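Small disclaimer: the values here were computed from a predicted structure and weren't measured. For the single chain, residues carry numbers from 1 onward in sequence order. All heavy atoms count here, side chains included; hydrogens, waters and symmetry mates do not.
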Amino acid sequence: MGHLDHATFGWLTPVLSYAMACIGAALGLRCTVRALGATGRARRNWLLTAASAIGTGIWTMHFVAMLGFGVSGTDIRYDVPLTVLSLLVAMVVVCAGVFAVGYGRDRTRALLLGGLTTGLGVASMHYLGMAAVRLHGDITYDPVRVGLSVLIAVVAATAALWAALHTTSPVAVAVASLVMGAAVSSMHYTGMFAVSVQVTPSGTALPGATAMQFIFPLAVGLGSYLFLTSAFVALSPTTGEREASASAQRHDERDARPGERSGTGTRPARTA
């Protein structure tokens, strides 16, 4: 049996992956808050942004953590199509959960359904990503720990959606994102501790790409997306700010009308 190392780079990958999970959660919560205060197309766009942020944060957390995953006696490669599919799964299931909360009339029912769907989807993303691992040997799982990781995923997803409904202030969002990041990280490492590898030494070249060839550049790209989107959200006006601006503009227009009626800008009288 190969020795598994979940942090070949020390604390770098666990800390960095936790940070990515927190950033994605914080951005997703802020976008959901904006969505709940908007209507029509604006609500849909904010919900899409929230889903992409949370999904990207969860996926990036998983594969940044996987950069530190190593097994003695074998190299590790990743199946590229399966890895990309795991990203799409994360996006789709988080989108379903966020839209259930954003448009659901019965908030409690939408929260439970959205949390269950999103949690199972996040767990599917994790194990689909693990299915993309290629090494010389066989990977097996402890079913009890797998079940615990799925339970953590469902609870974490439900808590995240609840926070999206009940947190509005920046401080509350920051605290909720730290808790969500910890929950997502706990789910990942619980699932990883369920893994056992029976190494079969072989000189055959493994198919797929190394983590540094594929996962690292993709994680950097997605991380950049999170930071740029965070800047956009921070700089965009909130619904309250837009309403205040519109109200001030209407007030200025009303103040200008008496001057117009008193003769300012009127047409001169015609002379014979």
Side-chain angles (χ1 to χ4, degrees), residues 11-39 42-62 64-65 90-91 93-95 97-104 107-108 110-112 114-115 118-119 122 152-189 222-248:
W11 283 99
L12 177 62
T13 49
V15 171
L16 185 58
S17 63
Y18 171 68
M20 298 309 298
C22 290
I23 292 171
L27 179 57
L29 289 177
R30 290 303 298 165
C31 290
T32 306
V33 170
R34 298 288 186 92
L36 295 177
T39 57
R43 170 172 287 197
R44 182 201 65 191
N45 291 341
W46 279 118
L47 289 174
L48 286 173
T49 305
S52 67
I54 296 174
T56 297
I58 292 172
W59 187 93
T60 305
M61 178 272 143
H62 171 79
V64 167
M91 295 289 192
V93 297
V94 171
C95 187
V98 168
F99 269 75
V101 169
Y103 286 102
R107 288 291 176 85
T108 301
L111 179 63
L112 295 176
T118 305
V122 169
I152 293 173
V154 172
V155 173
T158 305
L161 296 176
W162 180 90
L165 290 173
H166 296 89
T167 57
T168 55
S169 70
V171 174
V173 168
V175 173
S177 65
L178 292 176
V179 174
M180 286 172 57
V184 172
S185 297
S186 298
M187 178 268 161
H188 170 83
Y189 284 106
L222 293 175
S224 300
Y225 162 76
L226 287 177
F227 282 108
L228 292 175
T229 307
S230 298
F232 167 76
V233 173
L235 294 174
S236 62
T238 64
T239 302
E241 291 171 343
R242 287 196 298 270
E243 291 176 351
S245 177
S247 177

Subject >> Atom pair OG1/CZ of Thr32 and Arg43 - distance to nearest 0.5 Å >> reply: 10.5 Å
Subject >> Non-hydrogen atoms of Val94 and Ala51 that approach each other most closely >> reply: CG1-O, 3.6 Å
Original post:
Going from CD1 on Ile58 to OG on Ser17, what distance comes out if it is rounded to the nearest 0.5 angstrom?
Top reply: 12.5 Å
**OP:** Search all heavy atoms of Ala90 against all heavy atoms of Gly55 and return the closest pair with its distance.
**Re:** CB-O, 4.0 Å
Original post:
For the atom pair OH (Tyr18) and CG (Leu178), what is the distance rounded to the nearest 0.5 Å?
Top reply: 4.5 Å
Original post:
Nearest heavy-atom pair of Ala156 and Ala183: which atoms, and what distance?
Top reply: CB-CB, 3.5 Å
**OP:** Report the distance from atom CG of Leu47 to atom OH of Tyr103, rounding to the nearest 0.5 Å.
**Re:** 5.5 Å
Original post:
Would you say Leu29 and Met180 make side-chain contact, with heavy atoms under 4.5 Å?
Top reply: yes
Original post:
Counting N and O atoms only, with roles assigned by atom type, does the side chain of Thr60 sit under 3.5 Å from a partner on the main chain of Gly57, one being a donor and the other an acceptor?
Top reply: no
Subject >> Main-chain N/O of Gly115 paired with Thr118 side-chain donor or acceptor, under 3.5 Å >> reply: no
**OP:** List the atom of Ala50, the atom of Gly28, and the distance in Å for their closest heavy-atom pair.
**Re:** CB-O, 3.4 Å
Subject >> Donor-acceptor under 3.5 Å (Thr56 side chain, Ala53 main chain) >> reply: no
Subject >> Closest heavy-atom pair and its distance - Trp46, Ala35 >> reply: CB-CB, 3.5 Å
**OP:** Kindly compute the distance separating CD1 (Ile23) from CE (Met61), expressed to the nearest 0.5 Å.
**Re:** 13.0 Å
Original post:
Hey, what do you get for CG (Leu27) to OH (Tyr225), rounding to the nearest 0.5 Å?
Top reply: 7.0 Å
**OP:** Quick one: closest heavy-atom pair of Met20 and Leu226, and the distance?
**Re:** CE-CD1, 3.8 Å
